[in-house]
Amino acid sequence: MLRFTDSLTGDKTDFVPRDPGKASVYWCGPTVYDLPHLGHARSTLAFDILVRYLRWSGYEVCSASNITDIDDKIIARAAEEDSTEPELAARFERAFIDQMDLLNIAHPDLRPRATEYVEQMIAVVADLVDREMAYTTDSGVYFAVDRLPEYGALVHRSPEELREGAGARVDVDDDKADPLDFALWKAAKEGEPSWDSPWGPGRPGWHIECVAMSLDLLGDGFDIHGGGDDLIFPHHENERAEALGCERAFATHWVHNGMVQVGGEKMSKSLGNFTTLGDLLEAWDPRALRLLVLQTHYRRTMEIGSDTLDQAAAALGRLDTFADRIGQADLPPSEPDPGVVERFRSAMDDDLGTPAAVAVIFDAVRDANRAIDIEDETGAAALASTVTTLASVLGLGLGSRGSSAPDPEATEIDAMVADRSAAKAAGDYAQADSIREALTTRGIQLEDTPAGTTWRRA
RNA sequence: GCAUCGGUGCCCGAGCGGACCAAGGGAACGGCCUGCAAAGCCGUAAAGCCGCGGGUUCAAAUCCCGCCCGGUGCUCCA
């Protein structure tokens, strides 16, 4: 039985989908006003893994994740760069998708943009106004928090407690009846993009888009809503308020991933400052980041730094070496080992226990290597099949650098390897070692096997 | 201040009342294999009284109380 820690209740609860056998998942995507950062990667990886696992478990999944392409930051940034909002948003959306692709993150089934959903947002706002859950002022339309006694359930705070902190970071808008109230619709200011509405020209407030899109695309009472845990308040709390204010069933499971820490100057200095995801992906195999994320539970705050990435890369190297080894071992086709698969499944079923699931894979790797060593082909084949299957469930493709492109220096290296083999056969180890040394300094690692010598880039 | 998540070996990091499992990964050391390596396998580490102090229990890293430390949130940040 699959279960998740639900941010609303704070408990692990069984996943009970609205429609048996199906799963509807929505998670908050980026506001595209800048390059993707490590936090985007972690969060998106977390939900990629969730969706992959749901599918593998047999659920028919519909996933949706938004692109917020209009908001204050986009407007400000476009003005700074003397660009336009659509151009800026399109550029950073492209960067986001490209880098997620590098991370082998599957595209969500639906990727709605906020600007394409203004009409639906206006409908939600109008509904809230009709129900007197919202009121209008000169500066826009606001949600009336005091009309919803449940407000604060997701952050686990009462409205009174929340009021104490309200306004701590931003000036309280005088138009608001209550400091907790938040904008559903913002009246247009000079020079800002705007849309017509029953309340005059303006643009949507922040939280309204996700409500309009998730309910529209996935339907009332959809299954899972997620995002980074920094979104719990105010974003998700307010989304929930809007949906409940319309008396529409919202998400039944709330799943939030923990934040990424980049341990201050230590890493950025020694590594020439990677603060963006792009910098990281230039220096490390994207799969190393995925593995690192997998080795930490999704709810926990994690540190991403050059040392932990190096460790993950080394672990990944072990998996790749293994994949290459089984590729050369010419094993008979085989089904995965049911016992190992079951251990993997129970790890994942328990709130997506990817660290334990990865441990199951590494255990299988060791067992498979041992089986190969003792020439137990049947056992090795089953375990090898298990490893590649389970790794792919987690979105990890294994095998020599994952690259299919032929090495440009292959011919030359092959020739040197052949020379060395000849020298070895002749007993001229000094010559053989000198060739090997030459290759090593070029980053080529040789491996002598009973079947001959192979090489790979270290 | 309030809310919330956490403090486990050299490093990362599982664990959610009870099994000689404190997982798995990285690093280190020893052994096997190898002409020597690499890869792989086997093993080891006075390496932690699982942040500190109490408590509950036949039994606690795991539950409760207090304290210390860190992350995040407290209006637009995944």
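When reading the values below, keep in mind they use all heavy atoms of this one structure, side chains included, and skip hydrogens, waters and symmetry mates. What you are looking at is a predicted structure, and each value in this text was computed from that prediction instead of being measured. Labels below follow one simple rule: chain letters A, B, ... track the order of the sequence lines, proteins then strands, and each chain is numbered from 1.
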Is A:G10 touching bases, backbone alone, or none of the nucleic acid, heavy atoms closer than 4.0 Å?
-> nothing
So, do A:W254 and A:H236 have ring centers that fall under 6.0 Å from each other?
-> yes
Rounded to whole Å, CG of A:D229 lies from C1' of B:U4 at a distance of 8 Å
Lys/Arg-Asp/Glu bridge criterion (N-O < 4.0 Å) met for A:R290, A:D48 = yes
Within less than 4.0 Å of OP1 or OP2 of B:C12, is there a side-chain N or O belonging to A:R300?
-> no
Contact class for A:D428 (heavy atom, under 4.0 Å): base, sugar-phosphate, or nothing?
-> nothing
Let me know the distance between CG of A:L103 and C1' of B:A78, rounded to the nearest Å.
-> 14 Å
Using 4.0 Å as the upper bound for N to carboxylate O, is an ion pair formed by A:D320 and A:R287?
-> yes
Could you let me know what B:A3 is paired to, Watson-Crick or G-U wobble, both distances under 3.5 Å, or none if it's on its own?
-> B:U72
Send over the distance from A:N257 CG to B:G73 P, rounded to a whole Å.
-> 13 Å
Whole-Å distance separating the CE atom of A:M302 from the C1' atom of B:G7 = 17 Å
In whole angstroms, the gap separating P of B:A14 from CG of A:L352 amounts to 14 Å
Crowded around A:K12 NZ? As in, over 12 foreign heavy atoms under 6.0 Å?
-> yes
Does any nucleotide pair with B:G35 by Watson-Crick or G-U wobble geometry, both distances under 3.5 Å, and what is it?
-> none
Pair partner, B:G53 [Watson-Crick or wobble, under 3.5 Å] = B:C65
Closest to the side chain of A:D72, out of B:C76, B:G71, B:A78, is B:C76
Rounded C1' spacing from B:C16 to B:C50 in Å = 14 Å
Run the side-chain hydrogen bond (donor to acceptor under 3.5 Å, both in side chains) check on A:H256 and A:D229 step by step: do they pass?
-> CA-CA 5 Å; A:H256 290 99; A:D229 66 21; over 6 Å; no
Considering only the C1' atoms, how many Å lie between B:C10 and B:A46, rounded to the nearest integer?
-> 15 Å
Under the ring-ring contact (aromatic ring centres under 6.0 Å, His included) criterion, do A:F250 and A:F222 qualify, and how do the steps go?
-> CA-CA 6 Å; A:F250 208 42; A:F222 64 92; 5.4 Å; yes
Can you check the A:H297 NE2 to B:G15 C1' distance for me, whole Å?
-> 12 Å
Mind checking A:D363 for me? I need base, sugar-phosphate or nothing, with any heavy atom below 4.0 Å counting as a touch.
-> sugar-phosphate
A:K12 vs A:H40, nearer the 5' end of RNA chain B by closest nucleotide | A:K12
B:G18 -> Watson-Crick or G-U wobble partner, both distances under 3.5 Å, gives B:C58
Pairwise C1' distance for B:A39 and B:U34, with rounding to whole Å | 11 Å
Rounded distance in Å between the C1' positions of B:G53 and B:C68 = 11 Å
With sugar-phosphate meaning primed atoms plus P, OP1 and OP2, does A:D71 contact a base, only sugar-phosphate, or nothing at under 4.0 Å between heavy atoms?
-> sugar-phosphate
B:A59 versus B:G24 - spacing of their P atoms, nearest Å | 30 Å
With C1' as the reference atom in both, quote the distance from B:G9 to B:G54 in angstrom, rounded to an integer.
-> 26 Å
When the P atoms of B:U62 and B:A19 are considered, how many whole Å apart are they?
-> 14 Å
With the threshold set at 4.0 Å, does a side-chain nitrogen-carboxylate oxygen contact exist between A:R113 and A:E93?
-> yes
Between B:C63 and B:C21, how far is it from one P atom to the other, in whole Å?
-> 23 Å
Separation of A:I304 atom CD1 from B:C11 atom C1', in whole Å?
-> 16 Å
So, do A:Y33 and A:F92 have ring centers that fall under 6.0 Å from each other?
-> no
Under 4.0 angstrom, heavy atoms only, what part of the nucleic acid is A:G39 near: base, sugar-phosphate, or nothing?
-> base
As its Watson-Crick or G-U partner within any shown strand, both distances under 3.5 Å, B:U44 has B:A28
A:F344 has an atom CZ; how far is it from atom P of B:A14, in whole Å?
-> 16 Å
Spell out protein contact along nucleotides 26-42 of chain B as letters: B when the base is contacted, S when just the sugar-phosphate is, - when no protein heavy atom is under 4.0 Å; keep the 5' to 3' order.
-> S--------BBBBSSSS
Which nucleotide in B:C2, B:G71, B:C12 has an atom nearest any side-chain atom of A:T301 = B:G71
When we call it a touch if two heavy atoms are under 4.0 Å apart, what does A:V260 touch: a base, just sugar-phosphate, or nothing?
-> base
Any ion pair linking A:R420 and A:D428 (charged N to carboxylate O, less than 4.0 Å)?
-> no
Would A:D376 and A:R370 pass as an ion pair if we require N to O under 4.0 Å?
-> no
